[in-house]
Amino acid sequence: MAEKDHSYDPSGVEEKWQKYWDDHGINRFTRDGLRAASDPFYNLMMFPYPSAEGLHVGNIYAFTGADVHGRYQRLRGRDVFEPIGFDAFGIHSENFALKMGIHPMDLIPKNVENFTRQLRRIGGMFDWDHTVDTTDPAYYRWTQWVFLQLFKAGLAERKEAPVNWCPSCMTVLANEQVVGGLCERCDTPVEQRRIAQWFFAITKYAQRLLDNLDEIDWSESTTKAQRNWIGRSEGAELAFPLVPHDEGHDPVDPESVAARDDAHTIRVFTTRPDTVFGATFMVLAPEHPAVELLVTDEHQVVVDAYQRQAAATDLVARQKTDKTKTGVFTGGYCRNPATGEAIPVWIADYVLMDYGTGAIMAVPGHDERDFEFAREFGLEIPRVVAGEGEDADTPLESAYVGPGRLVNSGQFDGMDKDEAIRAITAWLGERDLGELRVNFRLHDWCISRQRYWGPPIPVIHCDGCGPVAVPEADLPVVLPRVEDFKPDDSGISPLARVKEWYEAPCPQCGALARRETDVSDTFLDSGWYFLRYPSTDSDDRPFDDEITKRWLPVDTYIGGNEHAVLHLMYSRFLTMVLHDLGHLEFEEPFARFRAHGLIIRNGAKMSKSRGNVIVPDPIIESVGADAFRLYLMFLGPFEEGGDYRDEGIEGPRGFLNRLWDAAQSAEDRAPDPDVERKLHQTIQQVTDQIPGLQYNTAIAALMEYLNAVRSGGRVAARAEVEPLVVMVAPFAPHIAEELWAGFGHEGSIFDAAPWPRFDAEKAKESTVEVAVQVNGRLRATIRIPADASREVAEAAARAQENVVRYLDGASVRKVIHVPNRLLNFVVG
RNA sequence: GCCGGGAUGGUGAAACUGGUAAACACAGGGGACUUAAAAUCCCCCGGGCGUCACGCCCUUGCGGGUUCAAGUCCCGCUCCCGGCACCA
């Protein structure tokens with residue numbers, strides 16, 4: 001045992017063991033090691049974007065929580081693979097590089113270096129032989145490979161589409177990167193532009209992405225967010241034939257309404273086909289192709305003006321729900337297939353081209369938006385559904401969207417809403433004017449970025465052959481070093497200025513052709529990185545089959561819920577595609593996902609502008625990484641986050657000091673039976689709570705146990721402290737190593753699989769305290785043998801003076817006995 | 001508006017399946033040890049009332065309810081945090 005007055009010096013201990021882990025490869029796997037692992041556990045955390053500021057406390061919180069889990073599994077004897085990497089491509093890095101005037105190729109390695117230093121310093125169990133850097137050609141070669149697999153499978157298409165354009169970042173943004181109409185990065189209002197872009201057909205997987213959510217063990221909040229994002233809705237697609245301009249607007253017999261050719265029929269998606277009799281007008285998105293056919297000469301000017309205005313107004317203003325509805329009449333009509341009426345067709349920006357068919361049947365009586373629109377423009381608002389206590393003539397003060405029976409709906413009058421949905425769709429279906437239909441809110445994934453700092457999309461555009469895939473053998477398409485990488489408002493990638501780079505022969509016909517100059521979205525980089533980690537040794541394939549089979553899917557993935565719908569959805573999608581193409585045996589990448597909470601400070605959100613950001617380095621310097629980790633895990637439930645109060649770290653710090661002292665001075669003797677009982681109760685609780693990420697209460701239990709060990713200043717027995725050291729190890733790995741070595745063990749504690757075994761017999765209390773209530777109010781507590789019978793408990797309770805007082809003169813009607821907990825006399 | 005998650009002492013938070021509300025910790029107060037300090041150990045620490053022993057009453061955002069018993073379950077609200085939002 002070490003000398004007694006050798007006091008705890010965190011930085012010395014931590015430096016020593018970090019070096020030991022490094023020198024002995026404690027956390028590193030060889031390729032053979034990965035292939036041979038007998039009990040693999042893949043412990044993943046979301047890799048960071050290596051900013052110039054360094055790791056922030058949110059990263060450390062997340063990584064520590066994940067690391068605790070990994071270290072726990074390791075102490076239980078599992079082969080734990082815990083990799084880390086750097087998500088270093090993207091607009092964030094590029095903007096920062098522009099601001100600093102440093103080329104990202106110079107800047108990123110510095111940031112990565114700094115991050116690496118910090119990640120080592122917090123004591124994560126990272127396998128530094130299997131890191132990933134998305135900007136490394138050895139990595140993005142395979143990102144490009146992933147693109148090619150989708151391209152070849154017909155899941156990558158190039159289409160011109162209205163896109164979100166940020167005039168400040170001068171780039172296209174994905175819908176998901178537009179927050180409330182503003183650019184996610186710089187809060188500039190976003191405009192619309194039309195550019196040809198590459199899209200991944202994620203919508204083809206919408207139903208599967210939805211269905212599989214039932215099968216995976218994920219945080220409820222995350223699966224809920226994904227369900228909402230996918231946004232499945234059931235309804236019908238109904239057809240409204242155009243009324244030729246030279247035909248009158250008189251109603252016709254509904255049964256005679258027939259479908260015309262596609263160009264002369266407007267299809268709408270509706271979840272309420274039962275209300276079709278109330279569809280008194282129609283609204284198209286301003287961009288809808290049928291507008292051209294519908295518009296009459298006298299309306300041409302206003303329609304043009306409105307379309308131009310809508311195109312210039314970004315998706316921002318368009319998505320404001322609180323503004324008054326705008327729109328213009330096209331002059332054209334189409335026929336309501338249920339009523340035979342000719343109804344006017346309007347265009348309005350509240351109808352979105354990229355949802356459903358870009359056209360709606362407006363039912364002002366039963367849709368809030370249509371109601372508002374009809375009010376605004378003085379359109380008729382008939383009732384076709386009557387709720388409880390209403391009839392066909394009850395006036396509508398607002399849109400009625402509740403349940404009810406049909407009215408003013410011809411032969412369907414009196415029918416229940418839900419029944420009518422089926423009946424009316426079937427009726428229209430007989431004339432090919434309607435069919436049941438499912439729609440999704442999810443959009444295809446636009447992966448094109450007209451920027452510099454990303455992996456070039458591996459396609460060559462040939463005048464003769466069209467877009468041609470770069471042959472896999474020619475990967476990677478290396479991003480050239482371009483000194484002037486600033487985007488301009490041409491909307492064309494900076495790579496388009498580098499002629500010697502973009503000129504290339506067509507892989508098919510050999511003619512001079514042009515490389516795609518867009519780079520891909522960072523979410524493509526991060527959409528498959530977990531597949532690469534175990535296979536970073538293989539440079540001839542993206543992932544080694546044997547290793548992948550052994551290690552994937554990921555056992556536990558821990559990360560922030562800010563990625564609930566983007567990163568996590570794209571990762572699932574890519575995995576599904578690679579599965580379908582025969583590259584993977586599984587189709588869900590993350591068996592278990594847990595979202596961690598957020599850290600606030602002194603009750604307020606942390607932000608640079610408030611100047612209340614926690615800077616980790618000085619804290620680690622003064623109290624050590626172990627105390628910092630322990631405190632972060634202690635301050636609240638991991639999945640909920642917590643409030644970081646600066647003084648609070650004193651608790652965990654003092655605990656480690658006392659643990660150190662107890663271990664240093666421990667004596668070789670038999671454990672005290674009471675302490676041993678408490679030990680086994682603690683083992684039970686901690687073993688139960690760590691896998692459930694209930695770290696704060698597990699730590700409380702460890703503290704409570706140490707208090708018991710040291711109570712009254714008693715000197716600990718070694719057998720009392722040694723298991724505690726093991727249980728502390730996931731949270732405070734360095735001190736645990738040092739104390740473990742101090743007990744005379746060779747090697748790392750994490751190689752010894754020493755997690756203490758729980759012994760129920762030893763944990764058992766011989767006596768228990770039982771609450772005694774009279775009419776539900778606590779009147780006494782009694783200490784009686786564990787598992788005592790009702791009779792024994794009742795006798796002991798009745799012997800209590802205070803209980804007697806309350807039972808005196810009253811008749812006991814009932815006695816409730818909860819063994820080992822409570823006895824309640826019901827008197828009356 | 002919709003979907004998640006919350007609201008418990010001075011503070012961060014505990015509370016298993018409905019069964020002694022406030023574990024663990026911070027801050028605060030008192031004491032022991034010490035020349036002193038640090039560290040450590042012991043005691044007090046939701047509010048009110050008693051013959052501050054024994055004991056009683058109130059208390060988990062608000063209002064109802066179920067139950068022998070409710071922080072926990074049910075109904076109706078308020079507020080806070082996060083996400084989505086003209087999705088037909």
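Here is how names work: the chains are called A, B, and so on, in the same order as the sequence lines, proteins then strands, and each is numbered from 1. These figures come from a predicted structure and were not determined experimentally.
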Could you go through nucleotides 65-68 of chain B and list every protein N or O atom that sits under 3.5 Å from one of its N or O atoms, giving the distance for each pair?
unit_1: B/rC68; atom_1: O2; unit_2: A/Asn824; atom_2: ND2; d: 2.5

Send over the distance from [X] [atom1] to [N] [atom2], rounded to a whole Å.
{"X": "A/Asn439", "N": "B/rA88", "atom1": "CG", "atom2": "P", "value": "8 Å"}
{"X": "A/Phe731", "N": "B/rC24", "atom1": "CZ", "atom2": "P", "value": "17 Å"}
{"X": "A/Glu704", "N": "B/rA22", "atom1": "CD", "atom2": "C1'", "value": "13 Å"}
{"X": "A/Asp646", "N": "B/rG12", "atom1": "CG", "atom2": "P", "value": "14 Å"}
{"X": "A/Arg779", "N": "B/rA69", "atom1": "CZ", "atom2": "P", "value": "14 Å"}
{"X": "A/Leu778", "N": "B/rG19", "atom1": "CG", "atom2": "P", "value": "15 Å"}
{"X": "A/Phe628", "N": "B/rA25", "atom1": "CZ", "atom2": "P", "value": "21 Å"}
{"X": "A/Ile600", "N": "B/rU11", "atom1": "CD1", "atom2": "P", "value": "14 Å"}

Sort me out a list of protein N/O and nucleotides 5-10 of chain B N/O pairs below 3.5 Å, or just none if empty.
none

If you check every side-chain atom of [X], which of [options] has the closest atom?
{"X": "A/Phe634", "options": "B/rG4, B/rC84, B/rG12", "result": "B/rG12"}
{"X": "A/Pro637", "options": "B/rC57, B/rA13, B/rC56", "result": "B/rA13"}
{"X": "A/Arg805", "options": "B/rG55, B/rC26, B/rU20", "result": "B/rG55"}
{"X": "A/Glu647", "options": "B/rA88, B/rA14, B/rA27", "result": "B/rA27"}
{"X": "A/Ile360", "options": "B/rC56, B/rC86, B/rA88", "result": "B/rA88"}

When the [atom1] atoms of [N] and [M] are considered, how many whole Å apart are they?
{"N": "B/rG71", "M": "B/rC16", "atom1": "C1'", "result": "14 Å"}
{"N": "B/rA25", "M": "B/rA39", "atom1": "P", "result": "16 Å"}
{"N": "B/rU72", "M": "B/rC86", "atom1": "P", "result": "37 Å"}
{"N": "B/rA13", "M": "B/rU20", "atom1": "P", "result": "23 Å"}
{"N": "B/rG61", "M": "B/rG12", "atom1": "P", "result": "14 Å"}
{"N": "B/rC79", "M": "B/rU67", "atom1": "C1'", "result": "29 Å"}

Spell out yes or no: do the side chain of A/Lys325 and the base of B/rC86 have one donor N/O and one acceptor N/O closer than 3.5 Å?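 When only heavy-atom distances are counted, A/Lys325 does reach the base of B/rC86 through a donor-acceptor pair under 3.5 Å.
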Evaluate the criterion salt bridge (charged side-chain N to carboxylate O under 4.0 Å, His left out) for residue pair A/Arg594 and A/Asp217; output intermediate values, then yes/no. CA-CA 9 Å; A/Arg594 290 294 179 274; A/Asp217 175 17; 2.9 Å; yes
Pick base, sugar-phosphate or nothing for [X], based on heavy-atom distances below 4.0 Å to the nucleic acid.
{"X": "A/Glu368", "result": "nothing"}
{"X": "A/Asn802", "result": "sugar-phosphate"}
{"X": "A/Asn696", "result": "sugar-phosphate"}
{"X": "A/Phe373", "result": "nothing"}

Indicate yes or no: does [X] engage [Y] in a salt bridge with an N to O separation below 4.0 Å.
{"X": "A/Arg232", "Y": "A/Glu234", "value": "yes"}
{"X": "A/Asp661", "Y": "A/Arg658", "value": "no"}
{"X": "A/Lys678", "Y": "A/Asp672", "value": "no"}
{"X": "A/Glu794", "Y": "A/Arg798", "value": "yes"}

Taking syn as within 90° of 0 and anti otherwise, name the glycosidic form of B/rG9.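 Glycosidic conformation of B/rG9: syn.
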Going by the glycosidic torsion and a 90 degree boundary from 0, is the base of B/rG83 oriented syn or anti?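 In terms of base orientation relative to the sugar, B/rG83 is anti.
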Could you walk me through whether A/Ile360 and A/Thr270 pass side-chain contact (heavy atoms from CB on, under 4.5 Å), step by step? CA-CA 7 Å; A/Ile360 60 159; A/Thr270 176; over 6 Å; no
Is the distance from the ring center of A/Trp346 to that of A/Phe377 below 6.0 Å?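 Yes - the distance between ring centres of A/Trp346 and A/Phe377 falls below the 6.0 Å cut-off.
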Do A/Tyr644 and A/Tyr61 make the cut of ring centroids closer than 6.0 angstrom?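 No, too far apart.
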To the nearest 0.5 angstrom, please state how far the CG atom of A/Asp674 sits from the OG atom of A/Ser711.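 If we round to the nearest 0.5 Å, A/Asp674:CG and A/Ser711:OG are 10.5 Å apart.
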Can a donor-acceptor pair be found between the side chains of [X] and [Y] at a distance below 3.5 Å?
{"X": "A/Thr64", "Y": "A/Tyr695", "result": "no"}
{"X": "A/Thr203", "Y": "A/Asp444", "result": "yes"}
{"X": "A/Ser221", "Y": "A/Asn561", "result": "yes"}

When you look at CD of A/Glu368, are more than 12 heavy atoms from neighbouring residues, nucleotides or ligands closer to it than 6.0 Å?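 Not buried by this count: 12 neighbours or fewer within 6.0 Å.
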Suppose we screen for side chain to side chain donor-acceptor pair (under 3.5 Å). Which residues come up paired with A/Arg375, at least two apart in sequence or across chains?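 Applying side chain to side chain donor-acceptor pair (under 3.5 Å) to A/Arg375 gives none.
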Where each pair must be Watson-Crick or G-U wobble with both distances under 3.5 Å, what dot-bracket representation of RNA chain B is obtained, with crossing pairs in [ ] and other-strand partners as |? (((((((..(((......[....))).(((((.......))))).((((.....))))..(((((..]....))))))))))))....
Its contact letters, B for base, S for sugar-phosphate only and - for none at protein heavy atoms under 4.0 Å, make nucleotides 36-50 of chain B read ----SSS--------
Cation over ring, A/Lys325 on A/Phe373, under 6.0 Å and within 45°?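 Not satisfied by the 6.0 Å and 45° rule.
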Quick test of your reading: applying ring-ring contact (aromatic ring centres under 6.0 Å, His included), list the pairs with at least one residue in residues 770-790 of chain A, sequence neighbours left out, ordered by first then second residue.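 Listed by first then second residue: nothing to list.
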